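Attaching a single structure in structure tokens format; questions to follow.
What you are looking at is a predicted structure, and each value in this text was computed from that prediction instead of being measured. A, B, ... follow the sequence lines: proteins, then strands. Residue 1 opens every chain.
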Amino acid sequence: MSDGERRDMGSKLSFGRGRPGRTAVTLPDCDVPLAEMPSPSLLRDDLPLPEMSQPEIVRYFTNLACLNYSVDTGFYPLGSCTMKYNPKLHEDLARLPGFAVVHPLQPVETVQGALALMHELQGFLSEITGMHAVSLAPAAGAHGELTSILTVRAYLEHRGESRHKVLVPDSAHGTNLATVSTAGFQCLAIASDARGNTDLAALAEALDEDVAALMLTLPNTLGLFDQNIVQIAQMVHETGAQLYCDGANLNALLGQVKIGDLGFDVVQMNLHKTFSTPHGGGGPGAGPVAVKAHLAPFLPSPVVGQAANGAYVFEEPEHSIGKVGAFHGNFGIMVRAYAYIRSLGAPGLREVSENAVLNANYLLACLREAYDLPYERRCLHEVVFSGSRQRAKGVHTSDVAKRLIDYGFHPPTVYFPLIVDEALMIEPTETESKETLDAFCAAMLAIAREAEEEPELLRSAPHDAPLRRLDEAGAARHPVLRWQREDQA
Amino acid sequence: MSNPYVPNTDADRRAMLERIGVASVDALFDDIPAHCRNPGLTLPPALSEMELARELAQMAARNRSIAETPCFLGAGAYRHFIPSVVDYVIRQGAFATAYTPYQPEISQGTLQSIFEFQSLVCELTGMDVANAGMYDGASALAEACLMAVRITGRERLALLSTVNPSYQRVVRTYAEGHALPVDVMTPDDPALSEKHACLVVQQPNFFGYLEDVEELERRAHAAGALYIVVPEPMSLGMFRPPGEYGADIVVAEGQPLGVPLSFGGPYVGLFATRREHIRQMPGRLVGQTKDVDGRTGYVLTLQTREQHIRRERATSNICTNEQLCALAATVYLCALGKQGLRRVAELCYHKAHYAADRIAALNRYSLPLTGTFFQEFVVRCPRPPREVNAALLERGIIGGLDVSKQIDGGMLLCVTEMNGREEVDHLVDALSEIGA
Amino acid sequence: MTSSPKDRRYTKEHEWVRLGEGEATVGITDFAQEQLGDLVYFDLPEPGAQIRQHAKLGEVESVKAVSEIYAPLSGEVIEVNQKAMDSPELVNQDPYGEGWLLKVRPADASEMDSLLSAEDYDALVATAEGGQH
């Protein structure tokens with residue numbers, strides 16, 4: 001397919017590509033006597049699905065894949081997403097029939113290998129975070145956040161305490177706030193200070209007996225380690241509230257410090273960030289939750305335990321909040337994360353955080369001459385710049401981002417966190433080479449120059465992508481959210 | 001040996017440290033309180049790729065895969081044939097290692113696939129609009145209930161007793177946050193009031209049988225409640241879709257459509273609704289549009305519903321759409337297509353009915369439930385199902401789910417196109433022996 | 001930035017209201033539409049609904065943001081601008097003219113006195129814009 005044809009793929013969907021009568025799969029004849037069919041009133045008249053041959057399907061999706069940028073194609077420095085390399089061995093391992101073709105409700109004696117893996121992974125995550133117990137049930141980071149807050153809620157209710165508020169920093173990820181609402185709490189924002197730490201005075205004012213928890217991301221979404229953390233933990237616990245860690249940025253801390261040792265009561269992790277499982281274009285991931293002993297009885301059901309005879313079993317925590325998914329978590333993702341931890345060991349995990357933090361600080365050093373650094377500090381695994389210098393020339397961070405595409409890079413996260421004007425959040429991860437980082441910096445510096453000399457190049461970017469700027473306003477004003485059969489005839 | 005995933009050499013590190021202006025990497029972590037630093041992790045020693053492969057193969061071998069062992073379990077996760085093209089597509093690095101398509105110009109592969117997925121879910125369920133996917137069927141149902149509460153302004157949730165018990169539990173867990181009471185109702189006479197935001201019906205129900213979905217729709221709407229239907233996707237290859245009998249919201253488990261069983265996950269929840277409820281729908285949405293050159297393309301749209309914009313007032317905190325699983329379902333539906341899906345559904349239907357007839361004919365076994373079923377049915381066993389299953393396992397068969405808590409002596413059996421006639425006959429012979 | 005039309009009054013939340021013969025017209029200001037970007041959707045009360053001064057009456061969405069709309073005065077909604085609902089870009093293009101949002105029967109015309117004059121509103125906007133850099 002030519003580049004031109006590939007760019008036109010959008011107008012022809014599966015339904016319009018096949019022809020009536022085509023099929024991509026052969027099926028066996030029915031090897032049992034036919035039963036009486038149900039009453040016709042129960043049956044559907046029409047099943048309007050595409051009809052494509054197998055070669056057409058392969059070609060269609062292979063060409064669609066060519067339109068995608070991915071970690072496998074290039075540098076993907078999205079802040080707080082940890083776009084590290086996804087090891088290919090893990091894909092083979094997750095597909096072993098003993099892992100992939102196993103029903104979740106099989107008798108436990110037939111799945112001891114799977115339960116052993118889950119039990120060991122619970123142990124690893126517990127050890128890494130310095131916690132006591134782990135639930136592998138949540139299917140994603142946000143799911144883990146919700147699980148964490150519901151667990152805290154159940155714990156407080158069990159103690160007969162009725163608290164209604166949860167505090168989050170003004171730099172918090174949107175999922176944190178949405179989680180608080182879903183869990184039935186009122187959300188209160190706490191300001192960050194000029195150093196990018198939680199403002200202690202603001203925290204002191206907000207903390208009272210009605211606060212159930214403080215949710216912190218550590219390092220925070222500015223890529224900074226909260227220098228007040230010890231004091232914060234003390235303050236929070238003094239009022240009887242719980243301290244929760246959003247572990248999205250755990251990549252910075254592996255082997256450097258245990259979250260539990262800093263005073264946190266509960267932490268959710270993202271296996272698809274820190275532990276190398278692929279992002280898949282938007283999932284699936286997994287968001288296990290680790291807790292201190294006092295919260296363990298409230299975790300969702302089931303957790304994996306070991307009976308006296310050494311056999312692995314599913315257990316229901318004594319005061320469990322219930323279930324957060326139909327089964328017991330995204331096992332296929334656990335296999336990959338387990339393999340990752342087994343392949344690195346303790347020294348390997350430490351290498352991860354060291355190189356992730358080194359790479360980010362290198363970018364900070366190289367780019368600060370051209371982009372404003374809102375906080376005069378070392379960063380950890382990610383660095384946040386402000387595009388305010390460029391904006392003064394009439395160029396937005398979004399334009400810088402689009403222009404990076406022309407240089408062959410995926411843009412970093414833009415406009416987050418909200419407390420930084422024209423934010424640019426860059427997380428290189430440890431799996432990038434110095435050559436890649438240097439090439440990225442060269443591009444960013446070139447773009448900064450273009451912003452001064454030829455801003456129109458940025459505003460009209462990208463020029464070299466499969467598609468150019470798309471009309472998002474039109475898409476939202478007159479939403480077309482599915483194909484219509486008439487269009488595809 | 002050097003870490004294969006970390007390109008930095010000692011020389012690279014030295015050069016970078018110099019540029020940064022610190023003596024060592026350690027100095028970069030100075031903000032961490034000294035008393036907590038360098039804790040030392042107690043983990044097994046690192047394994048090379050070869051050793052890792054061997055170790056995990058051994059672990060996998062300690063599981064009894066149903067690739068080799070006949071299995072008659074369903075109850076929310078189903079073994080169907082997954083054509084090779086599905087895995088071929090989802091293994092491609094450009095799909096598997098991409099991120100959420102926030103930069104649409106370089107993410108059209110993902111975005112167009114999502115648009116396909118949304119369209120296919122609409123066609124399958126008969127609904128106006130579908131999102132890009134949720135974690136699984138159970139959490140999708142919980143979110144649907146919360147959506148019904150938002151739309152109607154009412155507080156109570158009603159579910160039929162025949163809804164999957166795990167799903168009921170998940171709804172309760174989610175409902176805790178806002179202290180929403182959950183009422184479980186009998187299918188024959190659901191006691192709905194004007195306090196109920198929704199009525200949830202599973203079709204076929206947890207025990208495999210079809211409910212009177214038309215009557216239930218009348219009851220739900222008469223009470224002013226939203227009608228939430230949870231269909232089993234493979235059954236939609238044959239049976240009338242919920243859109244045709246008045247569903248307001250449809251949620252389902254997408255796993256049967258090309259997603260491996262994988263001991264419980266990752267799966268993908270389907271979520272569809274009527275056009276008028278779009279703005280209350282959680283989850284990601286992709287819309288069609290044009291670029292500056294007039295080319296058709298796809299973008300994330302109506303993002304103002306979502307957490308990254310609406311934050312504490314978002315329709316949900318969800319930030320994923322289980323995309324690789326959704327993509328698997330998309331390829332699966334394209335591959336089977338109009339004829340194939342119907343064919344698979346019919347194979348499941350006929351094989352399940354063959355099994356049910358043969359078992360019902362056995363001495364001391366019976367079918368306690370009546371009505372139309374699809375691929376699952378309940379058998380009343382002459383001994384506790386727990387014992388029957390242990391005996392089946394000895395004979396190399398994994399039996400159905402023990403549902404004796406809800407139905408006396410009941411075992412929920414599932415038969416799909418993957419169970420050959422011989423397997424079914426072997427099951428029947430084994431049951432006969434065991435029941436003697 | 002050109003100065004705001006003098007024939008109407010303004011709120012701190014960037015709504016405007018113009019008093020006519022027994023009815024008032026309400027909209028959002030040029031500053032508001034510029035800040036929000038391409039507008040895509042309005043969530044407004046139906047005719048017949050009662051609105052109260054300074055209380056939230058609805059929401060406006062752009063592609064990347066959502067913002068609350070507050071009532072500049074109390075009264076009963078008489079009409080919603082359907083053209084603007086169908087083509088929200090009208091509000092970006094002509095926020096003070098064709099992009100009006102609601103017509104309201106005012107409960108108490110004296111409420112207008114507590115609102116900002118065009119000059120005061122322009123001063124407010126100037127400070128807001130100055131604070132951005």
Side-chain angles (χ1 to χ4, degrees), chain A residues 10-11 24-25 31-32 35 48-49 51 61 64-65 67-72 96-98 100-104 110 113 139-140 142 174-175 177-179 181 183-184 187 225 261 278 280-284 322-323 326-327 330-332 345-346 362 365 433-434 465 467-468 471 475 480 482-483, chain B residues 7 12 16 20 31 36 41 43 46 59-60 62-65 67 73 83 89 92-94 96-98 100 105-106 108-110 119 123 135 138 166 169 173 177-178 260 262-266 287-289 291 296-297 301 307-308 311-312 314 317 319-320 322-324 335 337-338 353-354 421:
Chain A
S11 52
V25 176
D31 59 359
V32 299
L49 295 178
E51 295 181 83
F61 285 99
L64 274 182
L67 298 175
N68 258 12
Y69 192 96
S70 64
V71 171
D72 280 1
L96 289 168
V101 196
V102 177
H103 192 286
T110 67
T175 50
L177 287 90
T179 290
S181 297
C187 202
F225 191 89
D261 292 349
K323 286 175 77 70
F327 299 108
N330 285 349
F331 180 73
Y362 182 64
S433 68
K434 183 170 173 298
L467 287 189
R468 296 185 53 209
D471 180 10
V480 173
R482 55 172 295 183
W483 76 51
Chain B
D12 291 330
M16 291 201 279
I20 294 167
D31 281 334
C36 300
L41 297 179
L43 294 169
M59 238 170 171
R62 284 161 61 195
N63 296 326
R64 230 167 148 165
S65 159
L73 282 168
V89 170
Q92 297 201 22
T97 71
T100 307
E105 300 88 342
I106 48 179
Q108 288 298 300
T110 300
S119 306
E123 298 287 16
Y135 308 135
S166 295
R169 268 200 101 181
T173 301
H178 292 275
S262 205
F263 195 47
Q288 194 180 71
T289 187
D291 80 345
T296 305
T301 194
Q307 49 77 25
H308 54 293
R311 292 164 72 85
E312 72 270 19
N317 74 341
C319 192
T320 184
E322 304 284 303
Q323 172 53 17
L324 216 55
K338 190 189 181 87
H353 283 74
Y354 172 71
R421 179 183 186 143

Check whether A/S433 reaches the backbone of B/P7 with its side chain - one donor and one acceptor, N or O, closer than 3.5 Å.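 Between the backbone of B/P7 and the side chain of A/S433 there is no qualifying donor-acceptor contact (under 3.5 Å).
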Looking at side-chain heavy atoms only, is the closest gap between A/P284 and B/L324 below 4.5 Å? yes
Hey, does B/E322 have a side-chain heavy atom less than 4.5 Å from the side chain of A/N330? yes
Say whether, by atom type as modelled, one donor and one acceptor occur between the side chain of A/D261 and the main chain of B/C36 under 3.5 angstrom. no
For B/Q108, which atoms come within 4.5 Å of any heavy atom of chain A: side chain, backbone, both, or neither?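 It is both, since atoms from each part get that close.
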Heavy-atom distances under 4.5 Å only: say whether B/Y354 touches chain A with side chain, backbone, both or neither.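 Just the side chain, heavy atoms under 4.5 Å.
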Any donor and acceptor pair, going by atom type alone, linking the side chain of B/N317 with main-chain N or O of A/A178 inside 3.5 Å? no
Mark yes or no for whether A/D471, through its side chain, and B/T289, through its backbone, hold a donor-acceptor pair below 3.5 Å.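 No: the side chain of A/D471 does not pair with the backbone of B/T289.
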Just by modelled atom types, is the B/G109 backbone N or O under 3.5 Å from a matching donor or acceptor in the A/N68 side chain? yes
Approximate separation, where rounding is to 0.5 Å, of B/I106 CD1 and A/L67 CG: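 So the gap between those two atoms works out to 11.5 Å.
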Chain B: which of A/A346, A/A142, A/A24 shares the most heavy-atom pairs with it under 4.5 Å?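 Heavy-atom pairs under 4.5 Å are most numerous for A/A142.
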B/T301 versus chain A, the contacting section by heavy-atom distance below 4.5 Å: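 Contact with chain A involves the side chain of B/T301 alone.
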Counting heavy-atom pairs closer than 4.5 Å to chain B, which one of A/G282, A/G345, A/A365 comes out on top? A/G282
Among the listed options A/V71, A/T110, A/T179, the residue most often paired with chain B at heavy-atom distances under 4.5 Å: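 Heavy-atom pair counts peak at A/T110.
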With only heavy atoms counted, which part of A/A183 is less than 4.5 Å from chain B, the side chain, the backbone, both or neither?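 Looking at A/A183, just its backbone touches chain B.
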What's the separation between atom NE2 in B/H308 and atom OG1 in A/T175, rounded to the nearest 0.5 Å?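 Nearest 0.5 Å value for the NE2-OG1 distance: 11.5 Å.
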Among A/P104, A/P278, A/G184, who wins on heavy-atom pairs under 4.5 Å with chain B?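 Top option by heavy-atom pairs under 4.5 Å: A/P104.
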B/R64, B/E105, B/Q323: which one forms the most heavy-atom pairs within less than 4.5 Å of chain A? B/E105
Using a cut-off of under 4.5 Å for heavy-atom pairs, which of A/G322, A/G174, A/A465 has the most such pairs with chain B? A/G174
Most heavy-atom pairs under 4.5 angstrom with chain A, which of B/R62, B/R169, B/Q92?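 Of the candidates given, the most pairs with chain A belong to B/R169.
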Give, for atom NZ of A/K323 and atom OG1 of B/T173, the distance between the pair rounded to the nearest 0.5 Å. 9.0 Å
Strictly distance-based, threshold 3.5 Å: is any side-chain N or O of B/S65 a donor or acceptor partner for the main-chain N or O of A/V102? no
Mind ranking A/A35, A/S70, A/A140, A/C187 by heavy-atom pairs under 4.5 Å with chain B and telling me who comes out on top?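 The candidate making the most pairs under 4.5 Å is A/S70.
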Heavy atoms only, distances under 4.5 angstrom: which of B/G297, B/P83, B/A96, B/A314 has the most pairs with chain A? Name it, please.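 Greatest number of close heavy-atom pairs with chain A: B/A96.
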